[in-house]
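The structure appears below as structure tokens.
On a predicted model such as this, the values are computed, not experimentally measured, just so you know.
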Amino acid sequence: MSDRHEHTHPHEHTHGHDHGNPPGQDHGHSPGHEQRYGRGHEHGHRHGLRHRVAHLLAPHSHETADKVDSALESSARGMRALWVSLVVLGVTALAQAVVVVLSGSVALLGDTVHNTADALTAVPLGIAFVLGRRAATRRFTYGYGRAEDLAGLVIVLTIAASAAFAGWTAVDRLLDPRPVQHVPAVAVAALVGFAGNEWVARYRIRVGRSIGSAALVADGLHARTDGFTSLAVLLGAGGSALGWHLADPVVGLAITAAIALVLRDAAREVFRRVMDAVDPALVDRAERALTEVPGVRGVGELRLRWIGHRLRAEVAVVVDGDATVREAHRIAVDAEHALLHAVPRLTAALVHADPEPAAGESDAHLPLAHHIAA
């Protein structure tokens, strides 16, 4: 006997108690389960006296009218972070650009170009967040969350282009050294660049981790490195003030190296997301939650994957071979419910119930073996 069912969960659990999720993590259930099976979730799922008392004493509503669409909310927070950081970095880059024209500093030029590129990465991310709000269709049955991963690729390419431009400019100035004008203004511009980038970095990283957006976190790390490269410009200004004309292009090359390091980290993060990599700790957490569900006698294949900044799960659980279809289904629902509370940002789960094998009984999945690629 087996039971296969899938729920999508675009809404938020309005629990008044904590289930071990990090702050800002929401899970939810759509009314699709009630519509298909003619009944709602039963929250007295034999989870023990303590669990029952907690559910009774704390608000625990699954009514659609009481929910907030966490997917839309997280996208809105991401959009807000992008627009705010775009404005801050735009103003920072504009102020630096004025000083570049006056001073001719290639180190500051590299920093300005990098800040400008960092600000413009808000555009592909913004488009991705807007696309991510669209509902799934018969063609895009998983929705449009993958647009966020594509935006991450655009960000990586943007970082690579800014590194190439900064490096080329620095090498050109090494071959044709020129003194830097208005050194005090360059120093002030460098401090402005550091302050603007560090503020944006903290904001993007905080929001990105809160909503589970690898692309936004990568963009925040990018901004943080930009801040330190701005401090490097300050060192170049100091060297120029002391009469060392090569200080400016040397610092420009150092900035290029720093951008290359950011490029490596961002590319690795985006590559992992595109390849459906997840933190193994999340898999361990999911397995522990499933083993604690009454009626689950074993956990088979478990898969997690990111779609944008939301997780999906597929899992096979082993149940009593003599269980009825209704009993197996109840256990599968309990297993899904446990996953939604245990795994941050999990919004959908597909749970397959396998009967515990009996002595002498052949594997029910053998007819599928020849369909699996070697």
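- Of all non-hydrogen atoms in L311 and P344, the two that sit nearest each other are CD1-O, 3.4 Å.
- Linking Ile, Leu, Val, Met, Phe, Trp and Tyr whenever their side-chain heavy atoms come within less than 4.5 Å leaves W83 and V91 in two separate clusters.
- The only option from D320, V318, I331, T291 that meets the side-chain contact (heavy atoms from CB on, under 4.5 Å) definition with V296 turns out to be I331.
- The shortest heavy-atom contact between P355 and G321 is CB-CA, 3.8 Å.
- Of all heavy-atom pairs between A151 and A128, the closest is CB-CB, 3.9 Å.
- Using modelled atom types, one finds a donor on one side chain and an acceptor on the other under 3.5 Å when comparing S85 with R204.
- A side-chain donor-acceptor contact under 3.5 Å links Q96 to the backbone of A189.
- Atom CH2 of W199 is separated from atom CG of L89 by 9.5 Å, given to the nearest 0.5 angstrom.
- R133 has its side chain out of reach of Y144: every pair of non-hydrogen atoms, C-beta onward, lies at least 4.5 Å apart.
- Of the possible donor and acceptor atoms, one in the side chain of T92 sits under 3.5 Å from a partner among the backbone N and O of V88.
- Residues L157 and L261 are members of separate hydrophobic clusters, defined by side-chain heavy-atom contacts under 4.5 angstrom among Ile, Leu, Val, Met, Phe, Trp and Tyr.
- Residues V317 and D354 fail the side-chain proximity criterion, which asks for heavy atoms closer than 4.5 Å.
- In the hydrophobic clustering of ILVMFWY residues, with side-chain heavy atoms under 4.5 Å counting as a link, L339 and V278 come out together.
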* Test T141 against T137 for side chain to side chain contact (heavy atoms under 4.5 Å, CB included), laying out the working first. => CA-CA 5 Å; T141 55; T137 66; over 6 Å; no

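- Cluster membership check: L253 shares its hydrophobic cluster with L175, using side-chain heavy-atom separations under 4.5 Å among Ile, Leu, Val, Met, Phe, Trp and Tyr.
- Taken to the nearest 0.5 Å, the OH atom of Y142 stands 6.5 Å off from the CD1 atom of I307.
- R268 CZ: more than 12 foreign heavy atoms inside a 6.0 Å radius.
- Using a 4.0 Å cut-off between charged side-chain N and carboxylate O, E269 and R273 make no salt bridge.
- Atom CZ of F140 and atom CZ of R134 lie 8.0 Å apart (nearest 0.5 Å).
- Under the salt bridge (Lys or Arg N to Asp or Glu O under 4.0 Å) criterion, R288 pairs with no residue, sequence neighbours left out.
- Follow the hydrophobic side-chain contacts under 4.5 Å out from L131 and you never reach L82; the two are in separate clusters.
- Expressed to the nearest 0.5 Å, how far CZ of R285 lies from CG of L346 amounts to 11.0 Å.
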Can you give each donor-acceptor pair under 3.5 Å made by side-chain atoms of residues 297-305, sequence neighbours left out, with the distance rounded to 0.1 Å?
from	atom 1	to	atom 2	distance (Å)
R297	NH1	E356	OE1	2.6
E301	OE2	R303	NE	3.4
E301	OE2	R303	NH2	3.0
R305	NH2	D276	OD2	3.2

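- Counting all heavy atoms, side chain and backbone alike, A201 lies closest to G220 at CB-O, 3.3 Å.
- When every heavy atom of A136 is checked against every heavy atom of G143, the shortest pair comes out as CB-N, 3.6 Å.
- Once rounded to the nearest 0.5 Å, the distance linking CG of D284 with CG of D279 reads 8.5 Å.
- Smallest separation of non-hydrogen atoms from T112 and A97: CG2-N, 3.9 Å.
- A 4.5 Å side-chain heavy-atom check between V123 and L86 finds every atom pair outside the cut-off.
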* Given the rule in the side chain to side chain contact (heavy atoms under 4.5 Å, CB included) test, do L263 and V156 qualify, once you have shown the distances and angles that lead to the verdict? -> CA-CA 6 Å; L263 175 63; V156 168; 3.6 Å; yes

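- Applying the salt bridge (Lys or Arg N to Asp or Glu O under 4.0 Å) definition to pairs two or more places apart or across chains, those involving residues 149-162 are R146-D149.
- Here CG of L109 is found 9.5 Å from OG1 of T116. Values are rounded to the nearest 0.5 Å.
- A distance-only check finds a donor-acceptor pair linking the side chain of E327 to the backbone of T324 [under 3.5 Å].
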